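The structure appears right after this line, and notes come after that.
When a ligand or atom number is given, it counts from 1 through the structure's own listing order. In what follows, every heavy atom counts, from backbone to side chain, and hydrogens, waters and symmetry copies are set aside. Predicted model only: the values in this text are computed from it and were never measured.
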Amino acid sequence: MDSILVKGNGPLNGVIPIAGAKNACLTLMPATLLSEEPLTLTNAPRLSDIRTMTQLLQSLGVEVSALQAGKVITMSSHSDINPVADYEIVRKMRASNLVLGPLLARLGHAVVSLPGGCAIGARPMDIHIDALAALGAEIDLRDGYLHATAKGGLKGAVHEMRFASVGATENFVMAATLAKGTSVLKNAAREPEIVDLVACLRRMGAEIEGEGTPTITIQGVDRLRGATHPVVTDRIELGTYMLAPAICGGEVECLGGRIDLLSAFCEKLDAAGISVTETANGLKVARKNGRVRAVDVVTEPFPGFPTDLQAQMMALLCTAEGTSVLEEKIFENRFMHAPELMRMGAKIEVQGGHATVHGVEKLRGAPVMATDLRASVSLILAGLAAEGETLVSRVYHLDRGYERVEEKLRACGAQIERVAGH
Ligand code: UD1
């Protein structure tokens, strides 16, 4: 298993290109099941999660081909589709559950393994099940698999979700594109990845309104056609690299960055003393004079502060002046990076869904362990600003969500390298 070795060595300066969004691509890919004609995605990120989704789609009978080293993905679901999403693939990645809605819409039945828990929480499927049941699906759980059937096809309906789940919104919207009649989803999630999914579905001929608001209306159509769609910028990768000069000093331009993708995050950076300016090609980030100031952060569904940037923000606040409180409202167990940061000298107390961070002058390098995708990159960020060497082990998590992380940071002057086999 590879590790990443980081040596703290002062300010970072340069330009970092931001890839297409992993989480958008993971819902755009299953959308191919809705049409017999090919769907091509451009600006796709090159990540192990995308390879897992490719394997899953191939196991369902979808032909998948990649060009430009994976940046362009073409999928074709013209032949017979197999309705069973096997545990062996689904267990690797929860986003596999995003084939449920499209399979049900295309075939009238689907058998999809329950994903199981993951390090950051139990992550149940009840909101997905209720949403698809509202469209007329009957769903039973047998042998660890969800068996979903819609006799006579899905039918449009009005449904309000108990919580604005991102994945359940995506499953509902995809399923409703081919349902008979009109569907209305209330308390829908508003994330940019959902807006991107709807843009793609519209290119495929779907009739949808209200994406990016809490009410999405879908007028079912008989069939969808092929399309070519560029994947939206990855706002989480963007926020992560924006934090690099915030933590280390210097000035970094993130190509493809947009403030509207991260407004709550940008407000917190401003309050912490980090300047973010729009340029012709993206966003330029620099630390204003002096030490970073403590800020309180609450993670919430979009447009709130993203849970997927909480660990990285904590890395910044470890060396801020004053005490910050981070409240995690999306996942019940998402502070596993705190004890690792404490190994580097951070002062953090975790109590339930709150972490209190007392800023220290400097972190010190240490061997640490990545527990999940975003935690792993927070440890790299902390290592970049720490005195001495930090060895982050278990970086396979990192490869799920960040392409060429070492290269991108090295281009800005960071001392970072991958060490094989630790
Ligand atoms: C997506 C993102 C993930 C991000 C999360 C929240 C993808 C592939 N992943 O995950 O990176 O951290 O949004 O922004 O897009 N829940 C239930 N029952 C359900 C569904 C969800 O209780 O049926 C709970 C979850 O356990 C969690 C919360 O709702 O506590 C949010 O989950 P959800 O919005 O569904 O996240 P995902 O779509 O899984």
Under a 4.0 angstrom heavy-atom cut-off, which atoms of ligand 1 come close to Arg334? 12 (O)
Check the surroundings of atom CG in Asp80: do more than 12 heavy atoms from other residues, nucleotides or ligands lie under 6.0 Å from it? no
Take every heavy atom of Ala168, measure it against each atom of ligand 1, and state whether any distance is under 4.0 Å. no
What do you reckon, does Leu98 have a nitrogen or oxygen under 3.5 Å from a nitrogen or oxygen of ligand 1? no
With nothing but distance in play, are any N or O atoms of Val166 less than 3.5 Å from an N or O of ligand 1? yes
Counting only heavy atoms not in Lys92 (residues, nucleotides, ligands), do more than 12 fall under 6.0 Å from its NZ? yes
With the threshold set at under 4.0 angstrom, would you say Glu193 reaches ligand 1 through any of its heavy atoms? no
Ignoring hydrogens and angles, tell me if any N or O in the side chain of Thr27 forms a donor-acceptor pair with the backbone of Asn23 under 3.5 Å. no
What part of Arg94 sits under 4.0 Å from ligand 1 if we count only heavy atoms: the side chain, the backbone, both or neither? side chain
Arg162: numbered ligand 1 atoms lying under 4.0 Å from its heavy atoms: 17 (C), 18 (N), 22 (O)
Using distance alone, with no hydrogens and no angle criterion, decide if Thr182 and Gln219 have a side-chain donor and acceptor under 3.5 Å apart. yes
So is Met93 touching ligand 1 or not, going by heavy atoms under 4.0 Å? no
Is the number of heavy atoms from other residues, nucleotides or ligands within 6.0 Å of CD (Glu160) greater than 12? yes
In ligand 1, the atoms that come under 4.0 Å of a heavy atom of Asp308 are 3 (C), 4 (C), 11 (O), 12 (O)
Spacing of CG belonging to Asn281 relative to CD1 belonging to Ile18, to within rounding of 0.5 Å: 12.5 Å
Judged by heavy atoms only, the candidate from Thr307, Ile127, Asn97, Ile330 nearest atom 23 (O) of ligand 1 is Ile127
Check the orientation of Phe172 and His159. Use parallel for under 30°, tilted for 30 to 60°, and perpendicular for over 60°. parallel
Using a plain distance cutoff, I'd like to know if Asn23 has any nitrogen or oxygen under 3.5 Å from a nitrogen or oxygen of ligand 1. yes
Could you go through Asp130 and Arg162, starting from their C-alpha distance and side-chain angles, then the distance that decides it, and tell me whether this counts as salt bridge (Lys or Arg N to Asp or Glu O under 4.0 Å)? CA-CA 9 Å; Asp130 291 350; Arg162 71 163 172 85; 5.8 Å; no
Quick check: are there more than 12 heavy atoms from other residues, nucleotides or ligands sitting under 6.0 Å from CD of Glu138? no
Nearest heavy atom to atom 19 (C) of ligand 1 wins, so pick from Ser165, Ala21, Ala164, Pro124. Pro124
What do you reckon, does Phe163 have a nitrogen or oxygen under 3.5 Å from a nitrogen or oxygen of ligand 1? no
For ligand 1, does His128 get within less than 4.0 Å through its side chain, its backbone, both, or neither, judged by non-hydrogen atoms? both
As an exercise, identify every atom of ligand 1 less than 4.0 angstrom from a heavy atom of Ala95. 8 (C)
Polar contact flag for Asp126 and ligand 1 (N/O pairs, less than 3.5 Å): yes
Basic-acidic side-chain contact under 4.0 Å: Asp399, Arg418: yes
Hey, are Arg223 and Glu37 close enough for a salt bridge, meaning a charged N less than 4.0 Å from a carboxylate O? yes
Counting from 1 in the order shown, the ligand 1 atoms closer than 4.0 Å to a non-hydrogen atom of Gly167 are 35 (O), 38 (O)
